[in-house]
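What follows is a single structure, written as structure tokens, with notes after it.
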Amino acid sequence: MKTQLLYEDDLEQAAEHLRGGGLVGIPTETVYGLGADGLNPLAVSRIFQAKGRPQDNPLILHIPDASWLERYCQDIPETARRLAEKFWPGPLTMILTCKKRTPEELETLKNGPICSFTHFGPRVIPDVVTAGLDTVGMRCPAHPLTRAIIQQAGVPIAAPSGNTSGKPSPTTAQHMLADMDGKIEAIVDGGPCAVGVESTIVDLTGTPPRLLRPGGVTLEQLQEVLGEVEVDPAVTRRMGEGERPRAPGMKYRHYAPKAPVVVVAGEPEASAAYIQAHVSHTPWDGVICFDEYAARFPGRPLERLGPAADKEAQARRVFDALRAMDRTPVKRIWAQCPDPAGIGLAVVNRLNKAAGFHVIEV
């Protein structure tokens, strides 16, 4: 199967692929997603096969506006409505309770024809989307092409990032094509992603709300709306073997290039000096650094992360930089890391997970 590249004029074709059980790469403001009809468990299962994704890693459902929440969720708190009003469309995923079928609906299913498209059991969303949890991540993406595709398809789109599982996420259609060519029906090219890291995930099913994954909506912005927000320990450390992820990206090594990554955290001048003192004199060590320090590392593979003070640029560049290292012969990658304020927390999280939390503080 040859994967098609589609464009703005081809949205109905993309919607047809989704309605027919196909897989389509979708552009969002965060990263490119690998989308399937979120109500079709057979189609959603193909996502896991194409990515090589563990089955206990839940997916996010993408919807075109907040009015769709009532279709798939119940016990929706007022905090969800406030967040949707403030940040949707945008890079925010809310964990909410899955809607359950009424006894009458369950009886109809039990007595009617059993079909993979309708027979999900007590929850409206199939278990393959939620990894068997009674909660689901819901997001309204800011990219107008993807919202138009969802409207035309008439179904929510289940979509993780469109990369091979564990590798850096794609921020262009060509990135995604490199990983998924021949595995999926199509990719819609909507241009480079504006944010560059996946959506923020906040769990609203408990009190206080809990940040499960940092992203384009910052912790500080969430606190302005919600007040107290707990930060899940998995944001800053590796999950244990017995822990069950409540959201994508919590448990497994993610975002990693082929070569091992060593993250050096601290003041930019200090982290640059540390890398300069410890990098090998061979071309087998690559460096990802802030723009101001690039001249310190001549003659070796190097990727610029953006200016030290520009964390939005760093978020847009981090996955590109990690992917670019795979096109070099490096056997180790040294990476400077910003402080965790604002969207810097998302960049720190992605670099630390790429490094398997091998972090040096200076």
Side-chain angles (χ1 to χ4, degrees), residues 5 25 27-34 51-52 161-181 187 189-198 215-216 249 253-265 268 271-272 275-276 278-308 310-338 343-344 346-356 358-359:
L5 270 180
T28 79
E29 76 281 17
T30 58
V31 300
Y32 273 72
L34 178 53
K51 282 179 62 73
S161 57
N163 53 294
T164 301
S165 190
K167 298 300 182 184
S169 300
T171 55
T172 69
Q174 290 302 319
H175 287 169
M176 187 170 180
L177 189 64
D179 280 14
M180 292 294 153
D181 193 14
I187 299 170
D189 190 343
C193 299
V195 176
V197 292
E198 292 86 352
R253 184 172 182 242
H254 276 327
Y255 321 121
K258 296 172 184 175
V261 179
V262 180
V263 171
V264 183
S271 60
I275 294 172
Q276 190 175 12
H278 289 82
V279 72
S280 77
H281 296 293
T282 72
W284 307 121
D285 273 11
V287 174
I288 297 173
C289 68
F290 302 129
D291 291 0
E292 295 91 331
Y293 304 100
R296 296 191 184 188
F297 306 102
R300 68 178 59 257
L302 181 138
E303 288 295 321
R304 297 169 183 259
L305 195 56
D310 190 344
K311 292 174 182 175
E312 286 75 16
Q314 294 159 27
R316 289 191 296 271
R317 282 286 306 144
V318 62
F319 289 141
D320 291 354
L322 290 168
R323 278 186 169 263
M325 284 294 170
D326 278 347
R327 299 192 292 270
T328 73
V330 299
K331 301 187 183 302
R332 180 171 56 178
I333 301 166
W334 296 86
Q336 280 190 282
C337 188
I343 200 172
V347 180
V348 170
N349 174 262
R350 301 321 190 265
L351 284 172
N352 287 354
K353 290 185 76 67
H358 181 189
V359 181

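Numbers here simply count residues along the sequence, with the first being 1. When reading the values below, keep in mind they use all heavy atoms of this one structure, side chains included, and skip hydrogens, waters and symmetry mates.
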Check: Atom CG of L322 and atom CZ of R317: how far apart are they, to the nearest 0.5 Å?
Finding: 9.5 Å
Item checked: W334 side, atom CH2; S271 side, atom OG - distance, nearest 0.5 Å -> 11.5 Å
Next item on the list: Quick one: closest heavy-atom pair of P168 and A256, and the distance?
Entry: CD-O, 3.2 Å
Check: Where do V31 and T28 come nearest, in terms of heavy atoms and distance?
Finding: O-OG1, 2.6 Å
Notebook entry, point to check: Is there a donor-acceptor pair under 3.5 Å between the side chain of K51 and the backbone N or O of S161?
Noted result: yes
Check: Judged by atom type as modelled, is there a donor-acceptor pair below 3.5 Å linking the side chain of D326 to the main-chain atoms of P257?
Finding: no
Next item on the list: Mind checking side chain to side chain contact (heavy atoms under 4.5 Å, CB included) for A294 and listing every partner two or more places apart, or none if nothing turns up?
Entry: C289, L302, R304
Notebook entry, point to check: Quick one: does Y32's side chain have a donor or acceptor within less than 3.5 Å of a partner on C193's backbone?
Noted result: no
Margin query: For the CG atom of L305 and the CD atom of Q336, what is their distance to the nearest 0.5 Å?
Written below: 8.0 Å
Item checked: side-chain contact (heavy atoms from CB on, under 4.5 Å) assessment of Y293 paired with V287 -> CA-CA 10 Å; Y293 304 100; V287 174; over 6 Å; no
Notebook entry, point to check: Under 3.5 Å, side chain of D285 to main-chain N/O of S280, donor-acceptor pair present?
Noted result: yes
Next item on the list: Please name the pair of heavy atoms, one in A315 and one in V197, separated by the smallest distance, quoted to 0.1 Å.
Entry: O-CG1, 3.7 Å
Notebook entry, point to check: CD1 of I343 to CZ of R316: how many Å apart, nearest 0.5 Å?
Noted result: 8.5 Å
Note to self: Which residues pass the side chain to side chain contact (heavy atoms under 4.5 Å, CB included) test with C337, not counting sequence neighbours?
What the structure shows: V263, A265, V348, L351
Next item on the list: Identify the heavy atoms of D179 and G162 that sit nearest to each other, and give their distance.
Entry: CB-O, 4.4 Å
Checklist line | Backbone of F319 reached by a side-chain donor or acceptor of R350 within 3.5 Å | finding: no
Check: Name the one of R323, H175, E198 that satisfies side-chain hydrogen bond (donor to acceptor under 3.5 Å, both in side chains) with S169?
Finding: E198
Notebook entry, point to check: Could you give the distance from CG (L177) to CG (D189), rounded to the nearest 0.5 Å?
Noted result: 9.5 Å
Check: Which atom pair, heavy atoms only, marks the closest approach of G52 to S165?
Finding: O-CB, 3.4 Å
Next item on the list: Would you give the length of the straight line joining atom CD1 of I187 to atom CG of D181, rounded to the nearest 0.5 angstrom?
Entry: 7.0 Å
Check: Does Q314 use its side chain to pair, donor to acceptor, with the backbone of P338 at less than 3.5 Å?
Finding: no
Check: Taking it one step at a time, do R332 and W284 satisfy side-chain contact (heavy atoms from CB on, under 4.5 Å)?
Finding: CA-CA 7 Å; R332 180 171 56 178; W284 307 121; over 6 Å; no
Checklist line | Working for side-chain contact (heavy atoms from CB on, under 4.5 Å), residues Q174 and L5 | finding: CA-CA 9 Å; Q174 290 302 319; L5 270 180; 3.6 Å; yes
